[in-house]
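Accompanying notes for the structure given below.
Chain A is the first sequence line, chain B the second, and so forth, proteins listed ahead of strands; every chain is numbered from 1. Values below: all heavy atoms of this structure, side chains included; hydrogens, waters and symmetry mates excluded. This structure is a prediction, so every number in the text was calculated from the model and none was measured.
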Protein chains: 2
Amino acid sequence: MSREIVLRAAVALADDAGIDSVSMRNLAQELGVVPMALYKHVTNKEELLDGMVDLIIGEFDPPTCGAGWKDAIRQRILSARQAMLRHRWAPEVIRSRTHATPVVLDYLNSLIATFRAGGFSADLIHQVMHALGSRTWGFTLEVFFTPPPAGPDLHTALFSQLAATHPDVGEIATAGFHDEDSTVGQGCDEEFEFAFGLDVLLDGFERLHQQA
Amino acid sequence: MSREIVLRAAVALADDAGIDSVSMRNLAQELGVVPMALYKHVTNKEELLDGMVDLIIGEFDPPTCGAGWKDAIRQRILSARQAMLRHRWAPEVIRSRTHATPVVLDYLNSLIATFRAGGFSADLIHQVMHALGSRTWGFTLEVFFTPPPAGPDLHTALFSQLAATHPDVGEIATAGFHDEDSTVGQGCDEEFEFAFGLDVLLDGFERLHQQA
DNA sequence: ACCTGAACACCGTTCAAGT
DNA sequence: ACCTGAACACCGTTCAAGT
């Protein structure tokens with residue numbers, strides 16, 4: 001029993017059974033231990049979640065050397081996105097963090113260093129980091145676009161209802177499908193959407209940097 | 001006692017005492033009613049939160065006619081941001097929604113209609129809505145950049161510690177301050193940051209639209 | 001038929017009692 | 001000194017009993 005073991009068990013539990021089942025009581029039971037025993041390795045639940053995020057950041061690709069700032073940032077952020085896909089609970093936990101751990105600061109530092117190596121001014125880096133927002137962590141907030149977990153038939157029913165009441169929303173929701181065989185309402189290519197938004201921002205940053 | 005009264009009381013309670021104090025039990029007590037009485041007007045807590053979001057969307061400016069798509073979208077989203085500033089709990093609640101209510105769909109519809117009136121293709125509108133992400137709701141996810149609620153002296157202490165361990169993060173965090181008198185670590189002009197990121201995206205959308 | 005209190009199945013965390 | 005079980009102060013929601 002160490003902090004490391006507790007954190008890894010928490011990540012495994014979240015991967016398997018979802019983040020809702022990561023309670024102090026449940027995690028303790030998973031480890032065959034009394035709930036209060038966890039508080040020896042973690043001062044409270046917030047610190048447990050901080051530690052889980054640290055482990056996930058550890059899965060991000062290290063910064064690539066030699067490439068320009070744009071490719072380096074792009075690749076780094078896309079690798080962060082892969083980590084989010086492996087741990088679907090991670091975006092929700094990351095958003096709920098208020099405290100930056102040393103591991104978080106190291107990651108931010110390495111992104112900043114990449115922009116700096118590309119000749120960006122401190123002021124522009126500041127704006128750029130804000131503009132990227134949660135994209136630095138490999139996800140964006142897709143509010144209300146996330147389809148509810150349901151069977152494909154219920155899904156189709158919900159979509160026809162949507163198409164009837166809000167035809168424009170229905171058309172836009174299905175536009176840009178890259179898989180022609182995809183069922184109606186099955187969802188679009190999230191990888192493509194993510195990269196699209198990222199590239200609009202990175203291209204904008206490049207233009208602003210060249211103007212300065 | 002009507003659904004309207006329950007929802008307005010919930011919004012008022014969240015404004016005054018924070019979203020954490022909006023529990024079914026607490027809200028019922030605020031209304032001088034037994035907890036189970038709320039379930040007459042709202043089927044569960046999720047629906048209560050849905051209704052609260054609907055009320056906040058009702059505070060967004062109506063679409064402006066006559067202007068181009070870019071100004072119209074920009075003004076609409078900045079007005080959404082003002083609503084978020086009046087109800088600081090709203091971003092957290094909006095992010096947690098999985099279900100789009102009719103009010104939400106109407107709002108999305110009106111944004112889509114604005115892009116369509118500007119001549120955007122359905123495919124481009126699809127990408128553009130994804131790229132905007134939570135910005136359509138007047139906020140972005142500023143993970144780990146939100147300063148913890150603390151007195152200004154504790155704040156300065158935390159910042160000097162940050163500057164010692166991660167000087168680059170410290171410099172970038174304070175770069176681009178627009179108020180020269182602002183205390184170290186007091187935070188930057190959030191209004192400016194938000195508009196900056198929004199404009200990088202809108203400019204990118206304009207360029208892509210003109211190329212097509 | 002409607003309303004409502006107690007109860008159920010949970011939380012995170014405190015704290016005193018036991019070893 | 002260390003560990004731990006019971007207890008505290010909460011949740012959202014169910015459900016049966018009372019009117």
At their closest point, which heavy atom of [X] faces which heavy atom of [Y], and how far apart are they?
X         : Y         : value
Met52(A)  : Val22(A)  : SD-CG1, 4.4 Å
Ile172(A) : His126(B) : O-ND1, 2.5 Å
His130(A) : Arg135(B) : O-NH2, 4.2 Å
Arg74(A)  : Ala195(A) : NH2-CB, 3.8 Å
Leu27(A)  : Leu13(A)  : CA-CD2, 4.1 Å
Ala80(A)  : Thr136(A) : CB-O, 4.2 Å

In whole angstrom, give the distance that lies between atom [atom1] of [X] and atom [atom2] of [N].
X        : N       : atom1 : atom2 : answer
Asn26(B) : dC10(D) : CG    : P     : 9 Å
Lys45(B) : dC10(D) : NZ    : C1'   : 12 Å
Met24(A) : dC10(D) : CE    : P     : 20 Å
Glu46(B) : dC11(D) : CD    : C1'   : 14 Å
Arg25(B) : dC10(C) : CZ    : P     : 15 Å
Asn44(B) : dG12(D) : CG    : P     : 11 Å

Q: Toss me the dot-bracket line for DNA chain C: Watson-Crick and G-U wobble, both under 3.5 Å, 5' to 3', using | for pairs to another strand and [ ] for crossers.
A: ||.|||||...|||||.||
(Q) Counting only heavy atoms and a strict 4.0 angstrom limit, can you tell me which residues of residues 12-20 of chain B come near DNA chain C? (A) none
Q) Hey, are Arg86(A) and Asp15(A) close enough for a salt bridge, meaning a charged N less than 4.0 Å from a carboxylate O? A)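 Here Arg86(A) does not pair with Asp15(A) in a salt bridge, since their nearest N and O are not under 4.0 Å apart.
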**Q.** Given Asp106(A), Asp54(A), Asp50(A), the one that forms side chain to side chain donor-acceptor pair (under 3.5 Å) with Thr101(A)
**A.** Asp54(A)
Q) Contacts to DNA chain D from residues 27-40 of chain B, heavy-atom cutoff under 4.0 Å, which residues? A)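 When residues 27-40 of chain B is checked for heavy atoms under 4.0 Å from DNA chain D, the hits, listed by number, are Met36(B), Tyr39(B).
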Q: State whether a side-chain donor-acceptor pair under 3.5 Å links His87(A) with Glu59(A).
A: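 Per modelled atom types, His87(A) and Glu59(A) side chains form a pair under 3.5 Å.
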Q. Can you tell me if Glu4(A) and His41(A) form a side-chain donor-acceptor pair at under 3.5 Å?
A.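 Short answer, no.
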Q) When you compare dC8(D) with dG18(C), how far apart are their P atoms, in angstrom units rounded to a whole number? A) 16 Å
Q: Please confirm whether Tyr107(B) and Trp137(B) have ring centers closer than 6.0 angstrom.
A: yes
